[in-house]
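See below for the structure under consideration.
The basis for the numbers below is simple: all heavy atoms, side chains too, and nothing from hydrogens, waters or symmetry mates. Since the model is a prediction, treat every value here as computed from it, not as a measurement.
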Amino acid sequence: MKIRSVVFCVILLCLTFAVCGCGSENDRLSKNELVYASTKDIRDINPHLYGGEMAAQAMVFEPLVYDTKDGIKPGLAESWEVSADGLSYTFHIRQGVKFTDGEDVNAEAIKLNIDAVCKNKERHAWLDMVNQIDHGEVMDAYTYRLVLKKPYYPTLKELALSRPFRMISPKCFKDGDTKNGVNGYAGTGPYILTEHKDKQYAIFTKNKDYWGDQAKFETIKWQVMPDPQTILLALKKGEIDLLFGADGDMVDLDSFTALQKEGKYAAMLSEPVASRAILINAHRPITSDRQVREAFQYVVNKEGIANGVLNGTETVADTLLSPTVPYCNVPLKARNYDLDKAKQLLNVAGWSMNEDGYRYKNGKKMVVTLYFNSNNAQERTISEYVQSDMKAAGVELKIIGEEKQAFLDRQKNGDFDLQYSLSWGTPYDPQSYLSSWRIPAHGDYQAQLGLEKKKWLDDEIGLTLVEADKDKRQLRYNEILTYIHHECVYLPLTYSRTKAVYMPKLKGVGFNLSQYEIPFEKMYFEK
């Protein structure tokens with residue numbers, strides 16, 4: 001019966017692919033179409049909100065400027081000037097560019113877009129840029145001036161993010177606004193969204209009136225396949241061309257390594273882009289004790305996770321943010337795996353080992369719970385590894401996988417002892433990531449609530465973001481990162497990388513500065 005069931009499932013999968021219409025390689029070559037597989041639907045790609053996939057938003061909508069490995073580059077603004085006091089940015093808008101509905105891209109359109117974002121300030125509060133905008137001015141038809149309340153150093157970097165400061169045609173606004181949705185997706189990017197079947201696929205067609213270099217593919221098909229194993233099977237059948245993602249919900253490390261070794265597919269890893277860590281809640285009964293949080297730093301064998309679980313594709317994180325991240329090269333003590341040190345700290349904290357192999361204090365067993373995203377096999381495997389390490393120290397660690405929305409809700413309400421966490425990566429780290437620590441809807445805020453100097457921490461982050469002097473700004477970052485490292489609210493694990501697996505005929509595959517964007521416009525099939 002088991003063999004028949006397996007055969008039936010394989011047949012069913014094949015029929016499913018036929019219905020999906022991925023097409024053969026030859027069909028896609030003749031149509032010049034790339035098929036990208038994702039576990040997620042694109043959803044609502046309104047660039048001023050957060051309900052859609054960022055990679056899809058970045059294909060359709062553009063910012064005033066782009067953030068690249070070589071610095072800030074022109075986007076819809078071909079040039080700009082910053083006032084000597086750092087309070088005003090004057091942008092010269094690229095002339096002759098139109099939204100895909102025919103509307104002109106001019107200073108008035110830019111003002112309407114930025115004003116629309118600012119009207120929804122509460123939703124965007126994680127990004128301090130929104131709080132620092134005083135007003136915008138139309139200087140002439142193609143000159144827009146942005147005026148700030150204080151000299152905010154990440155201004156250009158945050159204007160360049162995948163959202164929310166991307167431009168959509170004012171014709172798409174609803175009642176002169178975008179916070180309650182839009183009635184179309186007319187942008188200026190290299191691709192146009194021409195078809196979308198919810199939770200099935202999306203078709204992006206080349207924007208033939210694009211002002212910049214033309215994309216190579218006529219169409220990009222975003223194929224939704226919720227199961228990573230289904231994606232792998234489709235890749236092996238030649239029905240998709242590209243897998244791309246920063247974490248294990250797209251392709252787990254075992255599969256990635258196996259595909260590399262197989263030699264039939266091309267595989268790439270980006271430079272380290274973000275920090276993988278476990279949040280330790282300082283506002284919970286057991287983990288409110290700093291000595292307990294410090295003990296946990298020594299309990300977990302990070303080398304074992306990096307080399308055993310992640311197959312050597314990631315490097316051990318000694319600090320929350322890598323020293324390669326701007327302002328983060330701060331001298332901080334690395335806490336390496338040391339079970340004896342962990343046990344000593346737990347003993348001092350009053351948690352004594354019992355005959356059953358677990359620790360107790362005042363008759364209460366040491367039990368903590370770690371929550372992770374159940375859709376991510378990689379997070380599950382790491383959690384199981386941490387569970388084993390904790391047991392060796394006499395700590396009972398319960399691990400609970402939750403659907404993504406439940407996991408996110410738990411971040412907001414702070415109902416966790418430990419929770420799996422990722423920093424936002426370049427170009428969000430450190431400024432945007434640290435700014436978000438001050439927002440109650442984020443797990444970072446909830447975990448830090450028990451810290452004695454939480455108010456100081458939030459205030460110091462705000463002051464750092466508006467510090468005009470670079471040397472003084474560095475000193476403030478030093479204080480912030482030293483404090484958060486000392487308090488052991490984060491258990492750094494590894495520095496994560498973005499993965500790409502693709503058919504060898506696909507060329508031009510690479511990585512943008514942001515792990516959330518996919519440079520489709522640079523890709524092409526080798527003839």
List the steps, then state whether side chain to side chain donor-acceptor pair (under 3.5 Å) holds for Asp85 with Ser83. CA-CA 5 Å; Asp85 60 8; Ser83 64; 2.5 Å; yes
Can we say Asp415 and Arg410 salt-bridge, meaning some charged N sits less than 4.0 Å from an Asp/Glu carboxylate O? yes
With sequence neighbours excluded, what pairs up with Trp211 under the ring pair (Phe, Tyr, Trp, His ring centres under 6.0 Å) test? none
Candidate pair Thr90 and Arg145, rule side chain to side chain donor-acceptor pair (under 3.5 Å), full reasoning: CA-CA 4 Å; Thr90 303; Arg145 177 173 293 164; 3.1 Å; yes
Among all residues two or more places apart in sequence or in another chain, which pass the side chain to side chain contact (heavy atoms under 4.5 Å, CB included) test with Thr426? Val273, Leu513
If you take all heavy atoms of Ser322 and Ser275, which pair is closest and at what distance? N-OG, 4.2 Å
Flag if over 12 foreign heavy atoms under 6.0 Å of CG, Asp213: no
Should the heavy atoms of other residues, nucleotides or ligands under 6.0 Å from NZ of Lys199 be counted, would the total exceed 12? no
If I take atom OG1 from residue Thr188 and atom CD1 from residue Ile168, how far apart are they, to the nearest 0.5 angstrom? 10.5 Å
So with a 6.0 Å cut-off around CD of Glu81, is the heavy-atom count from everything else above 12? yes
Would you say the side chain of Ile110 lies within less than 4.5 Å of the side chain of Met167, judging by non-hydrogen atoms? yes
Would you call Leu465 and Pro154 a side-chain contact if the rule is heavy atoms closer than 4.5 Å? yes
Any Asp209 side-chain heavy atom under 4.5 Å of Thr100 side chain: no
Report the residues that fulfil side chain to side chain contact (heavy atoms under 4.5 Å, CB included) with His283, sequence neighbours left out, ordered by chain and then residue number. Asn281, Leu449
Is it true that, when you exclude Glu271 itself, more than 12 heavy atoms of the residues, nucleotides or ligands shown sit nearer than 6.0 Å to its CD? no
Partners passing salt bridge (charged side-chain N to carboxylate O under 4.0 Å, His left out) against Asp429 (at least two apart in sequence or in another chain): none
Are Arg473 and Glu460 close enough for a salt bridge, meaning some N to O gap below 4.0 Å? no
Do Met54 and Glu517 touch side chain to side chain, with heavy atoms closer than 4.5 Å? no
Could you check whether atom CD of Gln405 has more than 12 heavy atoms from other residues, nucleotides or ligands sitting under 6.0 Å from it? yes
List the residues meeting side-chain hydrogen bond (donor to acceptor under 3.5 Å, both in side chains) with Lys216, not counting sequence neighbours, and say none if there are none. none
Check this for me, if you would: do Asp67 and Lys73 make a salt bridge, where the nitrogen-to-carboxylate-oxygen distance has to be below 4.0 angstrom? no
Residues Glu467, Arg476: salt bridge by 4.0 Å N-O rule: yes
Test: Arg276 and Glu314 ion pair at under 4.0 Å: yes
Mind checking ring pair (Phe, Tyr, Trp, His ring centres under 6.0 Å) for Tyr483 and listing every partner two or more places apart, or none if nothing turns up? Trp456
Kindly assign one of parallel, tilted or perpendicular to the pair Tyr428 and Trp424, based on the angle between their ring planes and the thresholds 30° and 60°. perpendicular
Ring-plane angle category for Trp222 and Phe204, please: parallel below 30°, perpendicular beyond 60°, tilted otherwise. tilted
When rounded to the nearest 0.5 Å, the distance separating CZ of Arg335 from CG of Leu332 is 8.5 Å
Tyr36 and ring pair (Phe, Tyr, Trp, His ring centres under 6.0 Å): which partner among Phe244, Phe520, Tyr502, Phe217? Phe520
Glu521: which residues meet the salt bridge (charged side-chain N to carboxylate O under 4.0 Å, His left out) condition with it, sequence neighbours left out? none
Is there a side-chain contact between Tyr371 and Phe416, using heavy atoms and a 4.5 Å cut-off? yes
Do Asp134 and Leu146 have side chains that get closer than 4.5 Å, going by heavy atoms? no
Mind checking side chain to side chain contact (heavy atoms under 4.5 Å, CB included) for Ser79 and listing every partner two or more places apart, or none if nothing turns up? His92
Measure the shortest side-chain to side-chain distance between Ile278 and Leu370 over non-hydrogen atoms and say whether it is less than 4.5 angstrom. yes
Check the angle between the aromatic planes of Tyr50 and Trp126 and answer parallel, tilted or perpendicular using the 30° and 60° thresholds. perpendicular
Check whether NZ of the Lys or CZ of the Arg Lys507 lies under 6.0 Å from the centre of the six-membered ring of Tyr524 and within 45 degrees of that ring's axis. no
Looking just at side-chain N and O atoms, do Asp101 and Ser169 make a donor-acceptor pair shorter than 3.5 Å? yes
Is a donor from one side chain sitting under 3.5 angstrom from an acceptor on the other, for Glu62 and Tyr210? yes
The criterion is side-chain hydrogen bond (donor to acceptor under 3.5 Å, both in side chains); which residues satisfy it with Asn329, sequence neighbours excluded? none
Trace of the side chain to side chain donor-acceptor pair (under 3.5 Å) decision for Tyr490 with Gln448: CA-CA 10 Å; Tyr490 296 87; Gln448 295 166 9; 3.1 Å; yes
Quick one: CD on Glu479 to CG on Leu481, what's the gap to the nearest 0.5 Å? 10.5 Å
Stepwise, does the side chain to side chain donor-acceptor pair (under 3.5 Å) test hold for Asn113 with His48? CA-CA 9 Å; Asn113 270 267; His48 297 169; 3.1 Å; yes
Sort and list the pairs that fulfil salt bridge (Lys or Arg N to Asp or Glu O under 4.0 Å) and have at least one residue in residues 180-191, not counting sequence neighbours. none
Mind checking what makes side chain to side chain contact (heavy atoms under 4.5 Å, CB included) contact with Lys455, not counting sequence neighbours? Asp459
Separation between CG of Leu193 and CG of Asn207, rounded to the nearest 0.5 Å: 12.5 Å
Does atom NZ of Lys98 have more than 12 heavy-atom neighbours, drawn from other residues, nucleotides or ligands, at distances under 6.0 Å? yes
Qualifying salt bridge (Lys or Arg N to Asp or Glu O under 4.0 Å) pairs, either residue in residues 168-197, two or more places apart: Glu103-Lys171
Which atoms form the tightest heavy-atom contact between Pro47 and Arg166, and what is the distance? CB-CB, 3.8 Å
Ile484 versus Leu451: any side-chain heavy-atom pair under 4.5 Å? yes
Could you verify whether a donor N or O on one side chain and an acceptor N or O on the other, from Gln515 and Ser270, lie under 3.5 Å apart? no
Does Glu402 form a side-chain contact (heavy atoms from CB on, under 4.5 Å) with Phe372? I'd like the steps, not just the answer. CA-CA 6 Å; Glu402 296 183 312; Phe372 64 93; over 6 Å; no
Within 6.0 Å of NZ in Lys149, more than 12 heavy atoms from elsewhere: yes
Is the closest side-chain donor-acceptor distance between Glu137 and His135 under 3.5 Å? yes
